[in-house]
Amino acid sequence: MSAPIAALFGRGIGGLPPAAPVDFARLRLPASPNTCLAAPAGAHPEAHIAVPPLPVDAATAWPALRALGDGMPRVFRYGEWPERRQAQWVARSALMNYPDIIAAELVPGPAGAGLFLYSRSLFGWSDLGVNRKRVEAWLAALDAALRRR
């Protein structure tokens, strides 16, 4: 079975190539509008959303971020690099099983942790705003989880 077909018919992370960490300093977004990048203010020139510092440090935010991704419906852990405080998940669409990749990384900052959150479609040109909605939902959920601490 070809790689694209395997990715569409796979379950969870099935059919996808092995995960590799994202180098946010070198990340260049594709021309297609099917991505959304949230980053600390001024940290990435192509960011769609500026993320204010989190109310806690990166070490404190790390377990909350992992729990958030692991607790989302139709989302499966794809890769993790604890030394970078980076994790990735695959989100599968309910209707067509399309896989999207979500990558998140916490970075230390003077006023609290900084967060990079990148959601992208693996197939198609437009996502009808799905990746941006996902990033906004994850940011709100993480903020709420950290404020409940």
For this session: Could you check Arg28 against Glu46 for side-chain contact (heavy atoms from CB on, under 4.5 Å), going step by step and ending with a plain yes or no?
Result: CA-CA 8 Å; Arg28 295 297 162 248; Glu46 296 180 86; 3.3 Å; yes
For this session: Walk me through it: do Leu115 and Val107 pass the test side-chain contact (heavy atoms from CB on, under 4.5 Å)?
Result: CA-CA 6 Å; Leu115 174 65; Val107 295; over 6 Å; no
Problem set entry | Trace of the side-chain contact (heavy atoms from CB on, under 4.5 Å) decision for Val135 with Trp138 | CA-CA 5 Å; Val135 167; Trp138 281 44; 5.8 Å; no
For this session: Kindly determine whether Trp89 and Asp70 satisfy side-chain hydrogen bond (donor to acceptor under 3.5 Å, both in side chains), including the steps that lead there.
Result: CA-CA 8 Å; Trp89 296 266; Asp70 292 346; 2.9 Å; yes
For this session: List the steps and the verdict of side-chain contact (heavy atoms from CB on, under 4.5 Å) for Val90 and Arg77.
Result: CA-CA 6 Å; Val90 173; Arg77 180 86 57 85; over 6 Å; no
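Note: Glu105 CD to Tyr118 OH = 14.0 Å, rounded to the nearest 0.5 Å. With rounding to the nearest 0.5 Å, the separation of SG in Cys36 from CD1 in Ile49 is 4.0 Å. In this structure, CZ on Arg74 lies 10.0 Å from CG on Asn97, to the nearest 0.5 angstrom. One finds the CZ atom of Arg132 at 12.0 Å from the OG atom of Ser119 (value rounded to the nearest 0.5 Å). Atom CG of Leu117 sits about 7.5 Å away from atom CG of Leu65, to the nearest 0.5 Å. To the nearest 0.5 Å, atoms CZ (Arg85) and CH2 (Trp62) are separated by 8.5 Å.
Note on Leu139: it clusters hydrophobically with Val56, by side-chain heavy-atom contacts below 4.5 Å among ILVMFWY residues. Residue Leu68 is grouped with residue Leu54 when hydrophobic side chains (ILVMFWY) are merged at heavy-atom distances under 4.5 angstrom, including chains of intermediate members. Placement of Val51 and Leu106 within a single hydrophobic cluster is found when ILVMFWY residues are connected by side-chain heavy-atom separations under 4.5 Å, directly or transitively. Note on Ile102: it does not cluster hydrophobically with Leu37, by side-chain heavy-atom contacts below 4.5 Å among ILVMFWY residues.
When all heavy atoms of Thr35 and Asp127 are compared, the closest pair comes out as N-OD2, 4.3 Å. Contact record, Ala111 with Pro53: O-CB, 4.0 Å, taken as the closest heavy-atom pair. Contact detail for Asn34 and Ser126: the closest heavy-atom pair is CB-C, 4.2 Å. Of all heavy-atom pairs between Arg84 and Asp23, the closest is NH2-CA, 4.0 Å. Nearest heavy atoms, Met72 versus Ala141: CE-CB, 4.4 Å. Residues Pro108 and Ala58 share a closest heavy-atom pair of N-CB, 4.5 Å.
A donor-acceptor pair under 3.5 Å is absent between the side-chain atoms of Arg120 and the main chain of Ile101, judged by distance alone. Put simply, the side chain of His44 gets close to the backbone of Leu27: a donor and an acceptor are under 3.5 Å apart. A donor-acceptor distance shorter than 3.5 angstrom exists from the side chain of Gln88 to the backbone of Ala20, with no hydrogens or angles considered.
For the pair Asp100 and Ser93, the minimum side-chain heavy-atom distance is 4.5 Å or more.
A donor atom on one side chain and an acceptor atom on the other are found under 3.5 Å apart for Asn131 and Ser121.
Using cut-offs of 30° and 60° for the angle between ring planes, the Phe123 and Tyr98 rings count as tilted.
Electrostatic pairing of Arg147 and Asp143 counts as a salt bridge here, judged by a charged N lying under 4.0 Å from a carboxylate O.
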